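Computed from a prediction, not measured in an experiment: that's the story for all the values here.
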Amino acid sequence: MAKVLYSLNMTKAEFVIYGCPYTAFESTKAVDAFVVPEPDRSLFHLRRNTNRILNLVGFSGVKDIRLVGCSADFVADFSSLLAEHPEAGFRVSIEHKTQSAFSSIAQGPSHATDIVVTERKSELIPIAHQVAREIGGKVVVIDPASEQEAAAFSEALKDFEEGSGLARQNGLENCCALVLKKLGPGFLAGTYSSVTFITKFPYNLYPFPYPTGHLPAHAASEIAAAGFLKANTPRLQAGVAIILDSGKTQANGASEYGDLRESLSQRYGILPAHNAAALGDFRYFVEDLPADMMFLTAHCGQMPGTTLEATFAYNGKTGHVRYAVDRGISAVPRSGLVDCQTHYMPIEVNGVNWKENGCERELFLKFAKVEMDASWGMKPRNPEFERIAITRVVNGNPTLFPTKCIECGDEQYFVPLTTTIGGYYFPLVFNNACASYSGVCEEFLPDVSFYVGTARPVDSFSAVEVARTFAQNLGNMPVGKALFEAQRKFITGYTPYILAGVPWLSMPSYDSRAIGIMKANSIIKSSSTGRSGEARSDHRRMVFLEQQRKMLLKQLFNDAGRAVNVVRPVALATPP
């Protein structure tokens, strides 16, 4: 019989956000708390990253927030966002850095079979300790990849994902060789129940004979916390599974839509109810509907960026930056609903490459806050910047962002936007698009509790079988084991599907599908009253939400005259 780890109604006492991992680690060793670092805001829109943390706090229900050794910029951004939601009643304490080293690193019991592998980076140690403590696991610390190793792994992963023949095989072998080198023969000789990798690269690309999960180093704490929040919820927040099809991905072959709908409809309300939806409605499904699971059969691609350079005077001193920008537009066709979000990729500051030592990165971060104003010819809100001139760099090599996005087939790109405190339900997302892990994964984390993507293009028939079996397994297995068993016969030289998340956590469920649907109905009714101030967009949104709500209720009527299938909540347990 599986071992129950802790009560499903367990609550955390505090939410700790740290800029100093040493102080946070020492002060929370004996405290039952969520512990996450302040976000790395070097690449993407600054406010979005702060919002992500705020969504986790809002969803957790924890009122006591401790900011430990955080930067002045983050404290200011976070405090201003909190001020917009006085009704939440958060209590915030700001604490200074007091430690400059770890007194010891908690390793966990030597006999543990659930392992957490983390790179030897100070900001990752508290996260690894928190994950291991939840299950009584053991922490294994390895050296991070050097710059040369990182470059080699990235190049090999690109060959594996995009190449064919010998190039693809060489890419795979080079990736696995680095994994073997980092872990060593002693680790690989062990037998484990699960392994969670907190690493820059997905080490679980290597075909391990047990369930694995990857917590990307830059978002490890957020996705781990989201997984705990999801798994510790006695009942799901909505009881809704969304199945989206791009409209042409599976046009000439098998599709998993019908199989997924048949399998999931025994436990969840399904949206859309009868027909596969095009990704033109992607934003509505991601942002407005309270989903607990989402399956995507989508196209993926890299976001093209425009290379710009700017000159300016900052506090009287001349400055120059070069950067790529994507002013992404997320729109629903013919709806009048348009959102704009700017992504920045710094290239150099005052002639020094962004990745080199001595680069004035803080200068770019300050410039990014006034860049949008300057791009519109407006006076910067920060008076320290003067005479800003932005020009486009014309060359034959377009800049592609190091992430991918979802392309719906009508030349529109969709990236999940994070704007609402506590407004997300951290769904499990299964993205069956080709090579959907290394890029698109970045755009969902950490707004999900689990993300499953493919390591490279997968044939349609295998994709359908894995998705169907995975959905069936979720009812009685932890997420990592459900994926491992679903793809077991396809694992040869590599793992076709990779999990971002903690592998030993399970998805809870409602006692009945009807209860879940009625809960979702209530949430949609309350959320449809929100207004953006743009009449046409608000009307389209309300019509859409009402349509989906009626679809859910209709599923209950279709159940009339037959017993509702009862599924009991699954206790969090170690994989057998």
Hey, could you give me the CG/NE2 distance between L124 and H218, rounded to the nearest 0.5 Å?
11.5 Å
For the pair R392 and T306, evaluate side-chain contact (heavy atoms from CB on, under 4.5 Å) and give the outcome as yes or no after the intermediate values.
CA-CA 7 Å; R392 182 171 181 172; T306 302; 3.5 Å; yes
Is the shortest heavy-atom distance from the side chain of P202 to the side chain of I498 under 4.5 Å?
yes
Are the side chain of S263 and the backbone of D259 linked by a donor-acceptor contact shorter than 3.5 Å?
no
Check ion pair R52-D447 (N to O, under 4.0 angstrom):
yes
Tell me whether S27 contacts the main-chain N or O of A24 through its side chain, where contact means a donor paired with an acceptor under 3.5 Å.
yes
Show your working on side-chain contact (heavy atoms from CB on, under 4.5 Å) between F426 and L56 and close with a plain yes or no.
CA-CA 9 Å; F426 301 102; L56 282 170; 3.5 Å; yes
Check: T199 side chain, A217 main-chain N or O, donor-acceptor pair, under 3.5 Å
no
Check whether any side-chain heavy atom of I135 lies under 4.5 Å from a side-chain heavy atom of L505, and answer yes or no.
no
Tell me if a side-chain donor or acceptor on E222 pairs with a main-chain N or O of V36 at a distance below 3.5 Å.
no
So does N431 get a backbone contact from the side chain of S436, meaning a donor-acceptor N/O pair under 3.5 Å?
yes
For C359 and N353 the tightest heavy-atom approach is CB-O, 3.5 Å
So, does T23 use its side chain to make a donor-acceptor pair with the main chain of C20 at under 3.5 Å?
no
Could you tell me whether R361 and E356 make a salt bridge, using a distance below 4.0 angstrom between a side-chain N and a carboxylate O?
no
Are D114 and S193 linked by a side-chain donor-acceptor pair shorter than 3.5 Å?
no
Residue from I223, V429, V479, L483 passing side-chain contact (heavy atoms from CB on, under 4.5 Å) with F450
V479
Could you measure the distance from the CG atom of L205 to the CD atom of E161? Nearest 0.5 Å is fine.
8.5 Å
Please determine if K121 and E119 form a salt bridge, counting it only when a charged side-chain N lies under 4.0 Å from a carboxylate O.
yes
Walk me through it: do T469 and E485 pass the test side chain to side chain donor-acceptor pair (under 3.5 Å)?
CA-CA 8 Å; T469 306; E485 294 297 336; over 6 Å; no
Do the side chains of K158 and E155 get close enough for a salt bridge, i.e. N-O under 4.0 angstrom?
no
Evaluate Y323 against E371 for side chain to side chain donor-acceptor pair (under 3.5 Å), listing each step before the verdict.
CA-CA 11 Å; Y323 58 100; E371 195 273 346; 2.8 Å; yes
Out of curiosity, R456 CZ to D159 CG, how far, rounded to the nearest 0.5 Å?
11.0 Å
Below 30° counts as parallel, above 60° as perpendicular, anything between as tilted: where do the rings of Y22 and F102 land?
tilted
Here the gap from L215 atom CG to T118 atom OG1, rounded to the nearest 0.5 Å, amounts to 9.0 Å
The test is side-chain contact (heavy atoms from CB on, under 4.5 Å); show your working for L428 and F470 and say whether it passes.
CA-CA 12 Å; L428 180 153; F470 174 71; 3.9 Å; yes
Between atom CD1 of I142 and atom CD1 of I198, what is the distance when rounded to the nearest 0.5 Å?
10.5 Å
Under 3.5 Å donor-acceptor, K230 side chain and Y425 backbone:
yes
Is it the case that Q487 and T495 place a side-chain donor and acceptor less than 3.5 Å from each other?
no
Check step by step if side-chain contact (heavy atoms from CB on, under 4.5 Å) holds for E38 and S71.
CA-CA 8 Å; E38 67 173 275; S71 66; 2.9 Å; yes
Minimum heavy-atom separation for F208 and F484, please, with both atom names.
O-CE1, 3.7 Å
To the nearest 0.5 Å, what is the distance between CE (M293) and OG (S449)?
9.5 Å
For P37 and I127, the nearest pair of non-hydrogen atoms, with its separation, is CD-CD1, 4.2 Å
Give a yes or no answer on whether the side chain of N432 reaches the backbone of A463 with a donor-acceptor pair at less than 3.5 Å.
yes
Do any N or O atoms from the side chain of T454 and from the backbone of A435 form a donor-acceptor pair under 3.5 angstrom?
yes
For the side-chain contact (heavy atoms from CB on, under 4.5 Å) test, which of V140, V139, T212 pairs with I115?
V140
For atom NZ of K29, is the number of surrounding heavy atoms from other residues, nucleotides or ligands below 6.0 Å larger than 12?
yes
In terms of ring plane angle, is the pair Y437 and H214 parallel, tilted or perpendicular, where the classes change at 30° and 60°?
tilted
What are the two closest non-hydrogen atoms of V393 and L308, and how far apart are they?
CG2-C, 4.0 Å
Ring centres under 6.0 angstrom apart (F430, Y497)
yes
Would you please indicate if the ring centroids of F160 and Y494 are separated by under 6.0 Å?
yes
For T196 against P503, the heavy-atom pair lying closest together:
OG1-CD, 3.0 Å
Using the ring pair (Phe, Tyr, Trp, His ring centres under 6.0 Å) rule, take Y18 and F74 through it: C-alpha gap first, then chi angles, then the decisive distance, then the call.
CA-CA 10 Å; Y18 63 85; F74 175 75; over 10 Å; no
Centres of the W354 and F364 rings: under 6.0 Å?
yes
Under a 3.5 Å distance rule, please check whether N473 uses its side chain to pair with a backbone N or O of A482 as donor and acceptor.
yes
Filter on ring pair (Phe, Tyr, Trp, His ring centres under 6.0 Å), then keep only pairs touching residues 126-153, sequence neighbours left out; what's left?
F25-H129, F153-F201
Do V35 and V68 come close enough that some side-chain heavy atom pair is under 4.5 Å?
no
Given the options Y203, W504, Y210, V195 meets side-chain contact (heavy atoms from CB on, under 4.5 Å) only with Y210
Any pair counted as side-chain hydrogen bond (donor to acceptor under 3.5 Å, both in side chains), so long as it reaches residues 172-190, sequence neighbours left out:
E149-K181, E149-K182, Q169-E173
Please report the closest heavy-atom contact between G358 and V352, naming both atoms and the distance.
C-CG1, 4.3 Å
